Amino acid sequence: MGEVYAGGCACGAIRYEISGEPIFQNHCQCRDCQRKSGTGHGSYLTFPRAGVKVGGNATHWDIVADSGNVKTRSFCPTCGSPVYLTFSAAPEVFVIHAASLDNPKRFKPHAVTYSVRAYAWDSMDPALTKFEKMPH
Ligand SMILES: [Zn+2]
Ligand SMILES: [Zn+2]
């Protein structure tokens, strides 16, 4: 097993450590990720929940995704950084924001989701697999 994926929010109040490897790494250009990120997309790594340890008290906010599933966004109440996401319909996965990693170079995106919502000013690497919505 490789080195743990460690990271957290900007002020350090929320910290996580994940053992195991990501099962999906993507940029998401859905409207919700745009609003939350303040720019054209969010960037994520998805892990099996089993290897995840989280410390600190994140604030949680539930939103109904385009798919109809409830996603819970977890962010730091002090510094406001978005840190992780969980899904009521898929409790076995845990999603982190790529730049919350202590070493964001470990993010190796291979896909773009919700490319149908992309803006011309938010261009993506054409080598990435594009999904108009979220693959299942
Ligand atoms: Zn913080
Ligand atoms: Zn999204």
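None of the values given here were measured: they were computed from a predicted structure. All ligand and atom numbering here is 1-based and tracks the order in the structure. Here, residue 1 is the first one in the sequence, and each next residue gets the next number.
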- Angular separation of SG (Cys9) and SG (Cys76) seen from the Zn ion (ligand 1), to 10°: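 The angle at the Zn ion (ligand 1) comes to 110°, rounded to the nearest 10°.
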
- Message: Tell me the angle that SG of Cys79 and SG of Cys11 form around the Zn ion (ligand 1), rounded to 10°.
- Response: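 My answer is 120°, to the nearest 10°.
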
- Task: Show your reasoning for whether ring-ring contact (aromatic ring centres under 6.0 Å, His included) applies to His27 and Phe107.
- Result: CA-CA 10 Å; His27 297 294; Phe107 177 49; 5.4 Å; yes

- Item | Any N, O or S atom of Cys28 closer than 2.8 Å to the Zn ion (ligand 2) |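 For Cys28, the answer is yes, given that an N, O or S atom comes within less than 2.8 Å of the Zn ion (ligand 2).
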
- To the nearest 0.5 Å, how far apart are NZ in Lys71 and SG in Cys33?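 Between Lys71 NZ and Cys33 SG, I get 5.0 Å after rounding to 0.5 Å.
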
- Item | Polar side-chain atom of Lys108 near backbone of Lys105 as donor-acceptor pair, under 3.5 Å |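 Yes, Lys108 side chain to Lys105 backbone: donor-acceptor pair under 3.5 Å.
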
- Under 6.0 Å between ring centres, would you say that holds for Tyr84 and Tyr16?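 Tyr84 vs Tyr16: aromatic centres not under 6.0 Å.
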
